[in-house]
Amino acid sequence: MVKYRIAVLPGDGIGKEIVPPAMRVLELIGDKYGMEFEFKEALVGGAALDLVGVPLPDDTLRLCLESDAVLLGAIGGPKWDQLPTHLRPEVGALLPLRKKLALYANIRPVILYDELVAASTLKEEVVAGTDMVVIRELTGGLYFGEKKREKHPTGEKAFDTLVYTTEEIERIARLAFETARMRRKKLTSVDKANVLESGRLWRETVTRLAGEYPDVELEHMYVDNCAMQLVRAPKQFDVIVTENTFGDILTDQASMISGSIGMLPSASIGGQVGLYEPSHGSAPDIAGQDKANPLATILSAAMMLEYSFKHYQGAADVKRAVAEVLKKGYRTGDLAQEGNKVVGTKEMGELVAGAIRTD
Ligand code: NAD
């Protein structure tokens, strides 16, 4: 039997509620196909700050590096918002974790299940059939450039810098071209080359690489236009590749096409160990109430099967189980419409597990 070690980092807020259903789904897929998953849990984010005083303990990082994949819930919350920047869960844990695991690419599929067309805030004719992948550069750009605060005659001055090297742009662009090649062969590179120097280097580099991928149609788009096009005509997109911060913002916006941010999974890859997490945060407003949608995390587990373990059949089973449960009318509160059967986090997890068992 093949055995995989998975580091489980539930984190904060709804993280603790959405991770167990995804683990259950992996166990069932393991039973079905003869894979054994060994789960080891570790502290991260606010939960780690409260217990050991740092947001990313060395033990947690070591466990991640020694595992075959990482399953993360979400981190952060108002309790830790006032801490100095380097201790805040997002800056002190999430960013270094991505850097230390060398996860330079974050892959976020935006797919609208037929059953959820009515749950999208956009008109059916605009969103039905949307199927795109956003590839966000994850270890460079504005989130990782030098940041500083200093005294200023008016009070203080703060700055963040957006830095990219040719190499960083090339590796994410190659992944995007390769991804487009396996799909509908259209790549939209999103930048702000009309204003930012880093955007000009981004555009020049992607354009140069396009020569190696003559079968892929490349278009460039400014990020402000892309934000508009995503809600005007999302079906025009196949693969989008973009800078770290732009990708963060655009994918939250794109999540509403799929009905809820609770539907958007993600895979962060590039190093030895892939990290899988929902695209949303710790949702403190609904934490501990059994209201969170666990499907983004369950679908992130499907991405783990696909990207880390190359088990495409298992991944397909998970996606089919999710579609089946939605087809039967079950919804968590974030997606609920008239006539739906509204369920909590746990029940939604059990329903997906049941659909895998009876597959
Ligand atoms: P959020 O994504 O946590 O929540 C935004 C809204 O979406 C909230 O109304 C929330 O209830 C809802 N929502 C999110 N996930 C949901 C789910 N699975 N089911 C149903 N509803 C869901 O974003 P926020 O409120 O801006 O941030 C909250 C905290 O999370 C902050 O501390 C932030 O820094 C952190 N955060 C962490 C990550 C991460 O861990 N990767 C990502 C984004 C934000």
Side-chain angles (χ1 to χ4, degrees), residues 8-22 43-50 55-56 60 64 70-83 85-99 101 103 106-108 116 119-121 136 138-139 143 244-245 247-256 258-268 275-301 303 322 326 330-337 340 342-349 352:
V8 178
L9 317 182
D12 307 314
I14 60 169
K16 298 179 190 72
E17 301 166 68
I18 54 179
V19 162
L43 291 168
V44 74
L49 274 164
D50 286 354
L56 180 62
T60 300
C64 292
V70 181
L71 180 65
L72 178 79
I75 61 175
K79 185 176 175 192
W80 308 281
D81 274 352
Q82 302 314 319
L83 289 171
T85 309
H86 71 284
L87 280 180
R88 290 189 49 180
E90 299 83 344
V91 179
L94 215 46
L95 299 191
L97 190 57
R98 289 169 180 166
K99 197 80 175 178
L101 295 180
L103 304 171
N106 181 241
I107 302 173
R108 297 185 171 183
L116 294 184
S120 174
T121 48
R136 165 185 168 197
L138 204 60
T139 50
Y143 285 178
N244 202 338
T245 312
D248 193 5
I249 297 168
L250 291 176
T251 48
D252 259 39
Q253 185 182 339
S255 74
M256 285 320 294
S258 64
S260 161
I261 188 135
M263 289 302 298
L264 215 64
S266 89
S268 299
L275 182 147
Y276 302 84
E277 59 174 326
S279 299
H280 56 72
S282 59
D285 53 332
I286 55 166
Q289 300 169 41
D290 194 38
K291 283 185 180 165
N293 183 348
L295 295 181
T297 318
I298 289 174
L299 291 168
S300 301
M303 292 187 83
V322 167
L326 293 172
Y330 294 105
R331 304 280 189 276
T332 40
D334 54 318
L335 290 168
Q337 303 253 289
N340 288 150
V342 183
V343 295
T345 312
K346 282 193 192 128
E347 195 177 347
M348 181 54 94
V352 176

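In this chain, numbering begins with 1 at the start of the sequence shown. Both ligands and their constituent atoms are indexed starting at 1 by order of listing. Only this structure's heavy atoms are used, side chains among them; waters, hydrogens and symmetry mates stay out.
- Looking from atom 44 (C) of ligand 1 to the surrounding protein, the closest heavy atom is G281 CA, 3.5 Å.
- Distance remark: protein heavy atom present below 4.0 angstrom from atom 18 (N) of ligand 1.
- In this structure a side-chain-to-backbone donor-acceptor pair under 3.5 Å is missing from S300 to Y276.
- With hydrogens left out, the protein atom closest to atom 41 (N) of ligand 1 is E277 OE1, 3.2 Å, a heavy atom.
- The nearest protein atom to atom 12 (C) of ligand 1, hydrogens excluded, is given as I261 CG2, 4.3 Å; this is a heavy-atom distance.
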(message) side chain to side chain contact (heavy atoms under 4.5 Å, CB included), that's the test. Do R136 and N244 meet it? Break it down for me.
(response) CA-CA 6 Å; R136 165 185 168 197; N244 202 338; 2.9 Å; yes
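- Protein heavy atom at the shortest distance from atom 3 (O) of ligand 1 is A283 N, 2.8 Å.
- For atom 34 (O) of ligand 1, the closest non-hydrogen atom on the protein side is E90 OE2, 2.1 Å.
- Under the 4.5 Å side-chain criterion, counting only non-hydrogen atoms from C-beta, M263 is in contact with N293.
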(request) Kindly indicate, with the supporting measurements, whether the criterion side chain to side chain contact (heavy atoms under 4.5 Å, CB included) is fulfilled by S268 and L138. (result) CA-CA 8 Å; S268 299; L138 204 60; 3.4 Å; yes
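- With contacts defined as side-chain heavy-atom distances shorter than 4.5 Å, the pair I286/D334 does not qualify.
- With a heavy-atom cut-off of 4.0 Å, L72 does not touch ligand 1 at all.
- Among protein heavy atoms, atom 8 (C) of ligand 1 sits closest to D285 OD2, 3.5 Å.
- Against a heavy-atom cut-off of under 4.0 Å, A74 is close to the following atoms of ligand 1: 40 (O).
- Counting heavy atoms under 4.0 Å from ligand 1, residue I75 touches it through both backbone and side chain.
- With contacts defined as side-chain heavy-atom distances shorter than 4.5 Å, the pair P89/L94 does not qualify.
- Looking only at side-chain heavy atoms (C-beta outward), P278 and I18 come within less than 4.5 Å of each other.
- Only the side chain of L94 comes within 4.0 Å of ligand 1, judged by heavy-atom distances.
- Contacts between H280 and ligand 1, counted as non-hydrogen atom pairs separated by less than 4.0 Å, involve both the backbone and the side chain.
- Under 4.0 angstrom from ligand 1, the non-hydrogen atoms of I286 all belong to its side chain.
- Between L295 and L326, the closest side-chain pair of non-hydrogen atoms falls below 4.5 Å.
- Taking 4.5 Å as the limit, some side-chain heavy atom of L116 sits within range of a side-chain heavy atom of R331.
- Nearest protein heavy-atom neighbour of atom 29 (C) of ligand 1: S282 OG, 3.3 Å.
- Contact annotation for atom 6 (C) of ligand 1: protein absent (non-hydrogen atoms, distance under 4.0 Å).
- Per-residue contacts place G76 under 4.0 angstrom from the following atoms of ligand 1 (heavy atoms of the residue considered): 32 (O).
- A donor-acceptor pair under 3.5 Å is absent between the side-chain atoms of S266 and the main chain of R108, judged by distance alone.
- The distance criterion of under 3.5 Å between nitrogen or oxygen atoms is met by G77 with respect to ligand 1.
- Any N or O atom pair closer than 3.5 Å counts here, and N293 shares at least one such pair with ligand 1.
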(message) Please determine whether salt bridge (Lys or Arg N to Asp or Glu O under 4.0 Å) holds for the pair D50 and K79, giving the CA-CA distance in whole Å, both sets of side-chain angles, and the decisive distance to 0.1 Å.
(response) CA-CA 10 Å; D50 286 354; K79 185 176 175 192; 2.6 Å; yes
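- Counting atoms of ligand 1 from 1 in the listed order, those under 4.0 Å from a heavy atom of A292 are 19 (N).
- Nearest protein heavy-atom neighbour of atom 28 (C) of ligand 1: P284 CD, 3.5 Å.
- The presence of a protein heavy atom under 4.0 Å from atom 15 (N) of ligand 1 is confirmed.
- Proximity of T332 to P294: side-chain heavy atoms (C-beta onward) are separated by under 4.5 Å at one or more points.
- Residues D81 and R88 are in side-chain contact: their nearest non-hydrogen atoms beyond the backbone lie under 4.5 Å apart.
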